[in-house]
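The model shown is predicted, which means the values in this text are computed figures rather than measured ones. Naming: A, B, ... by sequence-line order, numbering from 1 per chain. Side chains included, hydrogens not; waters and symmetry mates left out as well; all remaining heavy atoms used.
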Number of protein chains: 2
Amino acid sequence: MTGPTAALSTRERLIFAAIQLFWEKGYANTSMSDLLTAAKANSGSFYHFFPSKEDLLLAVLDTYFTMLYPQMLAPAWEGIDDPIERIFALLARYRMLVLQTECTYGCPIGRLALEISPEQEEVHRLLAKNFDGWTAAVRGCLEQAADRFPPDTDHERLSEFVLVVMEGGVMLSRSHRSVKPFDQAVAELRAYFNRLQESAKTIRKGKGD
Amino acid sequence: MTGPTAALSTRERLIFAAIQLFWEKGYANTSMSDLLTAAKANSGSFYHFFPSKEDLLLAVLDTYFTMLYPQMLAPAWEGIDDPIERIFALLARYRMLVLQTECTYGCPIGRLALEISPEQEEVHRLLAKNFDGWTAAVRGCLEQAADRFPPDTDHERLSEFVLVVMEGGVMLSRSHRSVKPFDQAVAELRAYFNRLQESAKTIRKGKGD
DNA sequence: GTCTATATACGGATAGAC
DNA sequence: GTCTATCCGTATATAGAC
């Protein structure tokens with residue numbers, strides 16, 4: 001990438017077309033001709049840059065990892081300083097995606113995690129890396145707010161739990177074509193967070209006596 | 001189906017081959033020839049029973065719904081009477097599936113929920129019906145144990161939360177090729193359940209005074 | 001680095017005899 | 001209800017000129 005204002009190179013157009021199409025249609029259901037049409041490229045150019053369709057997938061997953069902060073976290077956290085509210089702001093951003101797609105949204109990473117064959121190990125390594133990037137961001141928030149949770153809170157485990165709730169919520173909303181399952185999942189998570197914080201308060205008060 | 005001992009009809013062989021293949025490879029990645037080979041049937045027979053591959057998918061989802069109790073719930077609950085333990089026994093059964101597949105397991109329903117295009121509305125209706133059957137079973141457990149939860153507990157919401165945790169946990173375990181994410185998600189859910197029950201105890205004690 | 005044309009295999013679905 | 005043969009479109013990937 002050569003900067004935000006520069007025109008996209010062929011390679012970049014292929015990657016961004018793939019991001020869009022793999023997200024909408026999945027990997028197997030996206031054909032080379034879909035891809036070439038969307039990227040306004042031709043077969044010769046494609047195979048000049050990528051040995052195969054699978055290598056394009058790897059480039060897509062690298063790009064997702066790179067985009068996580070600027071495209072997902074930074075916009076979600078703009079104007080929000082409280083670390084716990086940042087976690088729910090991130091979830092609110094997924095809610096927006098669900099609504100924008102008329103509740104057909106599927107997380108592109110989650111979708112690929114279930115679609116791609118386990119034999120494509122390199123792909124799954126990059127999928128896991130993307131998940132880990134996401135949970136690391138949430139873990140960072142939890143650690144900033146560590147004093148508001150019980151002292152034995154497992155931040156890694158709880159951050160993964162947040163991801164699990166997001167992925168599961170998105171999945172159910174897609175099959176039900178309603179944002180309600182997602183909202184309920186997030187509400188239940190919020191209820192859990194509130195209980196954890198209440199419990200932390202009680203413990204602190206006990207110590208303070 | 002004509003009973004447990006009868007040989008399978010061609011139609012049944014096609015459905016059970018599809019259950020296996022859609023689970024392992026997904027819907028789009030399962031070809032007619034995969035299907036016909038596995039079911040030991042031929043193309044003419046297939047199109048005698050099903051107008052198209054999509055109709056086979058609908059039959060598969062009907063079968064999943066029918067099998068939920070006998071194949072999933074009944075075995076999970078055998079010898080377990082406590083309703084809360086039944087919920088975690090169900091999750092333990094998914095853990096077994098994760099282990100049996102060397103952590104490549106993907107829930108067949110969840111996988112299809114993310115793969116199948118939203119335009120195939122009939123398919124998504126049946127996917128949602130399968131999810132609803134699952135959460136209804138969990139909700140039944142929660143209702144049986146209602147007196148052990150806070151009085152304002154939303155059983156529907158909490159039962160959906162259990163499904164969300166299962167689906168998300170399975171997804172992360174597949175990409176990480178490790179049962180750890182699943183175990184951590186279930187452990188966090190257990191911690192939440194324990195807090196809910198503790199809180200219910202306190203409330204009851206308060207009332208009893 | 002881009003283009004057109006094409007190789008070769010496989011996809012879902014069908015025809016029509018038995 | 002089962003069988004073989006096959007239609008026709010599309011899949012990924014390649015060849016070779018520019």
What nucleic acid atoms does A:Ser43 come within less than 4.0 Å of, heavy atoms only: base, sugar-phosphate, or nothing? base

Mind checking B:Phe46 for me? I need base, sugar-phosphate or nothing, with any heavy atom below 4.0 Å counting as a touch. nothing

Which of the following nucleotides, C:dG11, D:dT2, C:dT2, is nearest to the side chain of B:Thr10? D:dT2

CZ of B:Arg11 versus P of D:dT2: gap in Å, rounded? 13 Å

Sub-4.0 Å heavy-atom contacts from residues 55-62 of chain A onto DNA chain C, ordered by number: none

Taking everything shown except A:Gln100 itself, do over 12 heavy atoms lie less than 6.0 Å from its CD? yes

Separation of D:dG1 C1' from B:Phe50 CZ (nearest whole Å): 14 Å

Sort and list the pairs that fulfil ring-ring contact (aromatic ring centres under 6.0 Å, His included) and have at least one residue in residues 109-131 of chain A, not counting sequence neighbours. none

Tell me: CG of A:Asn42 to P of C:dC3, nearest whole Å? 5 Å

Pair A:Lys180-B:Glu156, salt bridge (Lys or Arg N to Asp or Glu O under 4.0 Å): steps then yes or no: CA-CA 12 Å; A:Lys180 188 183 168 197; B:Glu156 191 222 339; 3.6 Å; yes

If you only use heavy atoms from C-beta on, which nucleotide in D:dT2, C:dG11, D:dT12 is closest to the side chain of A:Ser31? D:dT12

Between A:Gly44 and A:Asn29, which has a closest nucleotide on DNA chain D that is more 5'? A:Asn29

Between NE2 of A:His48 and P of C:dT2 the distance, given in whole Å, is 7 Å

What integer distance in Å separates A:Lys40:NZ from C:dT4:C1'? 19 Å

To the nearest angstrom, the CG-P distance between B:Leu36 and D:dT4 comes to 12 Å

Whole-Å distance separating the CG atom of A:Leu35 from the C1' atom of D:dA13: 13 Å

Do A:Cys103 and A:His176 touch side chain to side chain, with heavy atoms closer than 4.5 Å? no

Chi angles and distances behind the salt bridge (Lys or Arg N to Asp or Glu O under 4.0 Å) call for B:Arg177, A:Glu119: CA-CA 11 Å; B:Arg177 274 286 201 128; A:Glu119 279 123 62; over 6 Å; no

Aromatic contact between B:Phe88 and B:Phe193, with the criterion being ring centroids under 6.0 Å apart: yes or no? yes

Please classify the nucleic acid contact of A:Ser9 as base, sugar-phosphate, or nothing, using heavy-atom distances under 4.0 Å. nothing

Taking for A:Tyr47 and for A:Asp34 the nucleotide of DNA chain D with the nearest heavy atom, the one nearer the 5' end belongs to A:Asp34

Applying side-chain hydrogen bond (donor to acceptor under 3.5 Å, both in side chains) to B:Arg195 and not counting sequence neighbours gives A:Ser199

Just how far, in rounded Å, is P of C:dC3 from CG of A:Leu14? 11 Å

